[in-house]
Amino acid sequence: MSPPFRDGANRVGVACAAERGKIISAKVFVGNLAFSTQREEVESLFAQVGQVVDVFLPVDRETGKPRGFAFVEFSSEGEATEAIQRFDGYELGGRPLRVNAAEDRPRRTPSFGGGPRQFDEGGGGGDRFGGGDRFGGGGKPKGSRRNIRAKKRSL
C-alpha cells in the first residue's frame, strides 16, 4: 500500500483506490460552504456518516482563496447516500449546506486549438493576395486592408 499523496494545497487523499482493488464511485458535492471552511472541518463532519476517502476543496487559480464548495468521496455508495440525506440543509459555519451526488463533468475540448481541423481534399490554395490559411484552404484574406493593397501593388 502506498503512502498518502498530496496534489493540491487543500486536497489530501488516501492511497489510490485502484491499488487497493476497489472502485470508488461514491462522491458527493457539498455546496454553499463558508469561504473560511477548512478541509479538516468538512472531513470530520462527513466522517460521522462513514469512511471518508478524499476531500477536495478547490481554490481560485488567481487569488488562491477557496471557491465555496467541496467534493467528498466515501468508501461506499451507501455512505454517500446517507450523507446526502443527513447533511443536505445542515448548517455549517452559519450557512445551510447543499449536498447532492457529484456528477461527472463532460469532457471539454482543448482551449488551444478547438479539436481536429478539417482540411480541403482538393489541395487548392487560397487566393493569390494572402487569402486562405497555412493548410491550403480558401477563405477570408488575412491581414489588414492596407497590407493586402500593398501586396496587390507589388505584383
Return yes when atom CG of Asp104 has more than 12 non-hydrogen atoms of other residues, nucleotides or ligands closer than 6.0 Å, and no otherwise.
no
Given Val72, Val49, Val30, the one that forms side chain to side chain contact (heavy atoms under 4.5 Å, CB included) with Phe87
Val49
Any non-hydrogen side-chain atom of Tyr90 less than 4.5 Å from a side-chain atom of Pro96?
no
Which residues share a salt bridge (Lys or Arg N to Asp or Glu O under 4.0 Å) with Glu82, sequence neighbours left out:
none
Would you say the side-chain atoms of Asn32 and Arg95 include a donor-acceptor pair closer than 3.5 Å?
yes
Exercise: do Ser44 and Glu40 side chains pair donor with acceptor under 3.5 Å
no
When you look at Phe74 and Val53, which way does the side-chain contact (heavy atoms from CB on, under 4.5 Å) test go after all the steps?
CA-CA 5 Å; Phe74 289 95; Val53 175; 5.7 Å; no
Do Val52 and Val42 have side-chain heavy atoms sitting under 4.5 Å apart?
no
Do Phe69 and Arg98 make a side-chain contact, defined as non-hydrogen atoms from C-beta onward lying under 4.5 Å apart?
no
From Glu73 CD over to Gln51 CD, what is the distance, rounded to the nearest 0.5 angstrom?
11.0 Å
Do Leu33 and Leu92 have side chains that approach each other closer than 4.5 Å (heavy atoms only, starting at C-beta)?
yes
Is there a side-chain contact between Leu45 and Gln48, using heavy atoms and a 4.5 Å cut-off?
yes
Search all heavy atoms of Ser76 against all heavy atoms of Ala26 and return the closest pair with its distance.
O-CB, 3.0 Å
Could you measure the distance from the CZ atom of Phe29 to the CD atom of Glu103? Nearest 0.5 Å is fine.
10.0 Å
Less than 4.5 Å apart, any side-chain heavy atom of Pro66 and any of Leu57?
no
Would a 4.5 Å heavy-atom cut-off, applied to side chains only, mark Asp54 and Phe71 as touching?
no
Flag the pair Gln38 / Glu43 as yes when at least one side-chain heavy-atom distance between them is below 4.5 Å, and no otherwise.
no
Atom pair OG1 (Thr63) and CZ (Phe35), whose distance is rounded to the nearest 0.5 Å:
9.5 Å
